[in-house]
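Below is one structure, written out as structure tokens; comments come after it.
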Amino acid sequence: MEPKISEKAWNPELEKKILQQWEEEKIYDFTPQDDNFTIDTPPPYPSGRPWHIGAAAHYSQIDMIARTARMAGKNVYFPIGIDRNGLPVELYTEKKHKIRMRETERGEFLNLCRDALDDLEAEMLLIMKSLGISGDFANYYRTDSKEYRTLTQSTFIELWKKGEVYLANRPNNYDWVSGTTIADAEITYEDLSTKLVYMKFKIKDTDQEIVIASTRPELLCACRTIIVNPEDERYSQYIGKKIIVPITNAEVELRTHHSAQQEFGSGAVMVCSYGDQNDVALFRELELEEIVAIGLDGRMTEVAGEYTGLKPKQARTKIIEDLETGGLLDKVEDIVHRTPVSERSKTPIEIIPMEEYYLKQKGAVEKIKKLGQEITFHPPMHKQILMNWLESINIDWPISRRRYYGTEIPIWYCKNCSEPHVPEPGKYYRPWEEKCPISNCPKCDSTEFVGEERTFDTWMDSSVSPLFISKFNRDDEFFKKVYPVSIRPQAKDIVRTWLYYTLLRCEQLTGKKPWSEAWIMGYGLDEKGMKMSKSKGNAIDPLPVIEKLGADTFRFWSASEINHGYDFRCNEQKIESTKKFLSKLWNVSRFLSSFPVIESGKLGATDKWILAELDKLVKECKKGYEEYNFFIPAIAIREFTWNVFAAHYIEMVKARAYGIEFSDEERDGAIFTLHKTLSTILKLLAPITPFITEHLWKELYSKDSIHKEKQVTPENIEDQSNITKEISEFNSKVWNEKKSQNLSLKDSIKMEIPESLLEFKKDLKSMHNLLD
RNA sequence: GGGCUCAUAGUCUAGCUCGGUUAUGACGUCGCCCUUACACGGCGAAGAUCCAGUGUUCAAAUCACUGUGGGCCCA
């Protein structure tokens, strides 16, 4: 009998044809019904090649969620978005065109960014499609579109009107060379040599003194407290005492804090506003009032007394001299210090307070905790990340950024009285280039306005994704059907940002939770277990891998290697070896394609046994799919298909299926069971490897797509796994015996069949050519 | 400094919730074999003091405590 499938292996080239078919047949189209399964898909940021292999794995798995839900009979809405706001594209554009953002006309710069994004986006969509993502590509959205930015601005305006937004000063990173604030993401650390200055501080009303070491003596005038480690016995007698700061003669209190390291310097630390990020944290935690020692011009302010107007470095030199003259200097050491520097100018950053907009969040913490409790996390352990974060929130959310490529903050200020004016929601505003929508200031009647130039933190945009996809404020009927959406899949490292901010914003705007389930994935690590990143240079580009091996191989690797929720290592060789399983599946199918598909047959003991094992597999897969943990079905299916079905069952019934020395009825029992088992395997595997299962399904079982099928449900057949063990032990015994006698596998041999396997005697005899 | 998390053969991984098996499977390695689905295959072999220590127990990879090392997040 010639097999219907003739090729000896799965050819990944077929994936392209299948993709085309799916597109033509529109099998993943969505029409809203009363009950929908909506995925709050993370919009990827098109950051250019190489794309992150961990991200490719992540999106493959999100697609498995969609396919699992579809096969469970749900009406799946799987929107696709592209995140296009923020810093990366600005840096990319500056590099690409060798320009500086602030030295380029804003409109022109934005156009360059947009063009860059368009190119990167096209490539990204192509990769996503070729991965087999069954999303709604025809209606993909962009976070920098007019509609999206209108939503971001409208939600801001609503919150502004509710009094949830305010202006405040907070410390910011400042780069003197490029003259701008910079984001934490733009800071790198370099080991720079500097002087560690040991200064003498007097204890008030005594003649005792303590020595304090600092690399920033010029900030003495901004010193607010001295800290020592609570376990440091050298200072225990001084706790709570007043200390006189040298030069300024200000009085500060000595207190304990665990962040003071006994081994560094003298063990006592002066806390100034702001030497480094640690100072910022301490000021916040100890609720100290800041002293601004360095101004926006990069020079010492008037609080520095005689050092006013000097640059910090000059002030440092002079102050060391003065300390020495005054006998207040103990010693100076040359040290190497890990210093935060601007990624681009390579100069040390300063931390200075600047005025920014804040969104209130401290008061919402309890409500968000409650919402968090109502949401099911997959895996449950990652709920803790959110809860820990909520515990540690102690400031409101700074939402303004001094950047260009983002959603503009919709505010105009009266030129005369500075009163801010926020326009009506529902439109997209660009205050930096547009006229104020009102003609007269309601407060002072002036007719001149200045537009706000700042943009929002990009999380202001991303945090309303569930509202955008459910057409909040755009289509009430649609919104009612779709919101709250069903599931938020996302990576572990942005629970504190994306997940939390979404909860906060959606609660503030709708009073409801945005989704009922959150699905959290770990990150992709390199072969040595380090997080992959472009800057480390250890990122693997998924595209060549997918092109070479096919999306299904990649997807099966992702499912079988990534235990859900845990970090995973990426190894090209491992991905490649996954292909073997698809080959196995292909060849099993090829073998079965020589037999007709029949509806029934007389089942023998062997057939009943494999169907019991198959039912066990269905149960196991169901368990995994219900948790959206694809590791469970992937491992179970591979194990069953390869080591039970192919290795033992097929070998046992081969002769029977060919009808050699068996009745037609017995033969049909085998053929029926073979097909029933394979078709079940294909359906179970369809969410994980949609291409090969689609191809084999159509070759063997149906003209219609496997992705329109309902998932198989367990029949609760009694477990027979003890028999599996005995069969495989017996088969091994025969194979070993033949080997030791130097016999070929087809040679006959005399072996005793154990009593427990007598039911299988006829099949075993024909399999091994056993003599009576 | 705080938090989360992990630790099982050269590599990856199951088992740990609820203690008792010869510690699972895969990749890789080695040996034999073209047996009419598959050499991208089959069969077999070697390879692990289950991170360390202490405790509980008749019995610990599994439970408890302490420590060490890695990773990530936050500061």
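Because the structure is predicted, anything quoted here is derived from the model rather than measured. To find a chain, count down the sequence lines: A is the first, B the second, and so on, and within it residues start at 1.
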Reading nucleotides 34-41 of chain B from 5' to 3' and marking B where a protein heavy atom lies under 4.0 Å of the base, S where only the sugar-phosphate is that close, and - otherwise, the string is -B-BBSBS
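Nucleotides B:A46 and B:C51 are separated by 23 Å at their P atoms, to the nearest Å.
Using a 4.0 Å cut-off on heavy atoms, the residues of residues 621-640 of chain A that approach RNA chain B are A:Phe631, A:Glu639, listed by number.
With A:Trp10 as the aromatic partner, A:Arg590 does not meet the cation-pi criteria of under 6.0 angstrom to the ring centre and within 45 degrees of the ring axis.
Using a 4.0 Å heavy-atom cutoff across all strands shown, A:Ser732 reaches sugar-phosphate atoms only and no base atom. Note on A:Glu561: only backbone sugar-phosphate atoms sit closer than 4.0 angstrom, heavy atoms only; bases stay farther off.
Rounded to a whole Å, the CG atom of A:Leu390 is 21 Å from the P atom of B:G2.
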Under 3.5 Å, which N/O atoms of the protein pair with N/O atoms of nucleotides 4-6 of chain B?
none

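Of the side-chain N and O atoms in A:Asn742, none sit less than 4.0 angstrom from OP1 or OP2 of B:C33.
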Scan the side chains in residues 616-625 of chain A for donor-acceptor partners under 3.5 Å anywhere in the protein, sequence neighbours excluded, and list what turns up.
| residue | atom | partner | partner atom | Å |
| --- | --- | --- | --- | --- |
| A:Lys622 | NZ | A:Glu626 | OE2 | 3.4 |
| A:Tyr625 | OH | A:Leu684 | O | 2.6 |

Starting at the 5' end of RNA chain B, write a dot or bracket for each base, bracketing those in Watson-Crick or G-U wobble pairs whose two distances are under 3.5 Å and using | for partners on another strand. (((((((..(((.......[....))).(((((.......))))).....(((((..]....)))))))))))).
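Panel note: side chain A:Lys733, backbone A:Ser728; no donor-acceptor pair is recorded below 3.5 Å.
Listed by chain and residue number, nothing satisfies the salt bridge (Lys or Arg N to Asp or Glu O under 4.0 Å) test with A:Lys580 (two or more places apart in sequence, or in another chain).
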